[in-house]
Amino acid sequence: MKALKEKFRPLSVWVSGHHQLSIAIVLSVAPLCLLMAFSFVFHSGARLLSEKTYQHAVELQQEQLHISTHNFILLIDLIRQEIKEEHPDWSPEQIDVRVKQIAYQRVHQLEFRNNAFISIKQVRDYNGGSRYAVLFANPRNPEHEGTSLSTELTDSNQKHYFLEQLEGIRQAGKIAQVHSCPEPESGKILERLSYSEAYPDYDWIVTMSIDADTLQQYPQKNESQIVPQLRLYMVLFFLSILAMVLLTVFFILLSDKEYFGTQKKELQQQINWDTLTSAHSRKYGAELLRREWENYQHRLTANDTAVMMLDIDHFKEFNDQYGHDIGDAVLREVVLAIRRASRSSDSIIRWGGDEFVGIFYGLKRTHTELMIEKILHAINDIHISIGSTEIKVTVSMGFAFFQSGDSDEQVVLKRADEALYEAKKAGRNLGKTVD
């Protein structure tokens with residue numbers, strides 16, 4: 001061992017004598033280089049995380065744009081059906097004119113979060129060209145409505161946005177896009193997300209758009225919070241940095257999920273309500289009725305929930321004689337009157353046109369007559385005046401309950417509808433309960 005030490009002593013002396021300063025420099029610089037390397041990695045990770053958060057925000061927002069655009073198209077179909085039922089003597093051209101008027105008004109009346117808006121183009125030539133379409137409605141730029149559009153136009157990034165949109169409509173009937181455009185007031189170039197869907201009956205392209213800068217603010221804010229924390233904890237200790245990064249990533253993903261989950265929930269609530277009357281939509285109401293049917297199957301109590309079908313007497317005459325604005329006012333007042341007569345826990349659903357469905361939870365059969373009287377009394381208190389003329393509103397109702405022999409929730413609806421028919425047959429302005 002002593003001989004071995006003696007053998008390597010010249011090497012240690014050589015290292016000590018000739019390279020001590022170099023090794024000291026290397027040992028001093030190496031941790032700094034390592035720290036800089038980790039700093040670069042974590043900074044890059046922060047940027048990648050922000051980009052991923054932004055992409056997730058874009059994907060979720062495009063899904064919401066898809067839902068809103070499709071619901072608007074369903075609304076147009078519903079308006080057409082209602083007008084056809086209310087005016088069976090109208091020609092298709094008259095119906096189309098009225099539908100387009102209402103659609104134009106709705107585009108300018110609807111309000112969405114984060115400056116989102118709906119616009120409509122009417123296509124003249126699906127092959128494209130300098131006058132391939134006309135801008136029918138655009139609440140963001142109403143001064144351009146009626147002007148021709150060209151597929152040769154490009155956005156701020158020299159991207160043929162209209163051509164890409166038209167090709168997507170031709171191939172699939174829908175398309176999601178990202179394009180850039182100048183802000184009207186400041187001239188600042190903004191990215192905009194949009195989702196377009198075809199409405200072939202009118203050669204329409206219905207588009208919902210939202211400025212992407214509202215989505216960029218959220219991941220940028222996250223990045224500005226992460227980077228200073230990384231710098232501080234890398235100076236103190238590497239493990240503290242690693243722990244802080246993992247914790248930060250966790251909270252970013254958690255807050256991201258909660259933030260966009262809230263937005264999705266708010267949008268879902270909008271879909272669940274009829275925008276005209278503030279009653280539940282038919283789609284959501286059908287789900288409520290299905291749930292109550294499932295609850296009944298577990299409880300097997302026949303008289304603990306009443307289902308009502310209600311129809312406004314001679315509603316068509318209100319629209320024909322006074323116009324759709326008065327008809328809309330009658331619908332709203334009827335819903336308010338039913339709510340005054342019922343409990344906040346009960347559900348009022350606009351089933352279609354002037355037909356409504358009510359779900360009265362816990363209402364016994366022996367109490368239905370009292371509920372009918374309360375609703376009729378509330379309806380009779382409706383006051384809608386046109387000049388010196390006051391409109392009288394009455395309704396007919398049918399009540400029914402789940403029964404052990406029912407196959408599904410549609411059976412109780414059918415019985416309630418039969419009771420409604422009996423009420424109309426008996427002279428209207430009353431309610432009937434089916435056994």
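Just so it is clear, the structure is predicted and the values come from calculations on it, not from any experiment.
Using a cut-off of 4.0 Å between Lys/Arg side-chain N and Asp/Glu carboxylate O, D155 and R192 are scored as not salt-bridged. For the pair R80 and D201, the salt-bridge criterion is met [side-chain N within less than 4.0 Å of a carboxylate O].
Within 6.0 Å of CZ on R291 lie more than 12 heavy atoms contributed by other residues, nucleotides or ligands. Heavy atoms from other residues, nucleotides or ligands lying under 6.0 Å from NZ of K174 number 12 at most. The number of heavy-atom neighbours closer than 6.0 Å to OH of Y202, taken from other residues, nucleotides and ligands shown, is above 12.
For the atom pair CD1 (I67) and CG (L74), the distance works out to 11.5 Å, reported to the nearest 0.5 Å. Note that the OG atom of S345 and the CD1 atom of I359 stand 11.5 Å from one another [nearest 0.5 Å]. Rounded to the nearest 0.5 Å, atoms CD1 (I118) and CD1 (I120) are 7.5 Å apart. Note that OG1 of T305 is 3.5 Å distant from CD of E292, once rounded to the nearest 0.5 Å. Summarising the geometry, atom CG belonging to L289 is positioned 12.5 Å from atom OH belonging to Y284; distances are rounded to the nearest 0.5 Å. Atom NE2 of residue H108 and atom OG of residue S119 lie 10.0 Å apart, to the nearest 0.5 angstrom.
Using a 4.5 Å cut-off on side-chain heavy atoms (C-beta onward), E164 and Q177 make contact. Between P139 and V107 the shortest side-chain heavy-atom distance falls below 4.5 Å. Using a 4.5 Å cut-off on side-chain heavy atoms (C-beta onward), Y126 and L166 make contact. Side-chain contact between F360 and H367 is absent, with no heavy atoms from C-beta onward closer than 4.5 Å. At least one side-chain heavy atom of M397 sits less than 4.5 Å from a side-chain heavy atom of I375. A heavy-atom distance below 4.5 Å is not found between the side chains of E197 and F72. Between I312 and F356, the closest side-chain pair of non-hydrogen atoms falls below 4.5 Å. Between T207 and Q165, some side-chain heavy-atom pair lies under the 4.5 Å cut-off.
No side-chain donor-acceptor contact under 3.5 Å links K432 to the backbone of G398. A donor-acceptor pair under 3.5 Å links the side-chain atoms of T368 to the main chain of R365, judged by distance alone. R170 places no side-chain N or O within donor-acceptor distance of the main-chain N or O of G173, the cut-off being under 3.5 Å. Between the side chain of N380 and the backbone N or O of L376, at least one donor-acceptor pair lies under 3.5 Å. Side chain of D406 to main chain of Q403: a donor-acceptor pair is present (N/O by atom type, distance under 3.5 Å, no hydrogens or angles). With hydrogens and angles disregarded, no donor-acceptor distance shorter than 3.5 Å links the side chain of N429 to the backbone of S396. Checking side-chain atoms of R124 against main-chain N and O of V134 turns up no donor-acceptor pair under 3.5 Å. Panel note: side chain N141, backbone E143; no donor-acceptor pair is recorded below 3.5 Å. Put simply, the side chain of Q94 gets close to the backbone of S91: a donor and an acceptor are under 3.5 Å apart.
Cation-pi geometry between K100 and F136 is not met at under 6.0 angstrom from the ring centre and within 45 degrees of the axis.
Aromatic ring pairs are classed by plane angle as parallel below 30°, tilted from 30° to 60° and perpendicular above 60°; the pair W90 and H324 is perpendicular.
Of the N and O atoms on the side chains of Q105 and Q101, not one donor lies less than 3.5 Å from an acceptor on the other residue.
Across all their heavy atoms, I76 and V99 have their closest contact at CG2-CG1, 3.9 Å.
Ring centroid separation for the pair F318 and H314 does not come in under the 6.0 Å cut-off.
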Exercise. Passes salt bridge (charged side-chain N to carboxylate O under 4.0 Å, His left out), R290 versus E287? Steps please.
Worked result: CA-CA 5 Å; R290 184 189 64 80; E287 176 63 19; 2.3 Å; yes
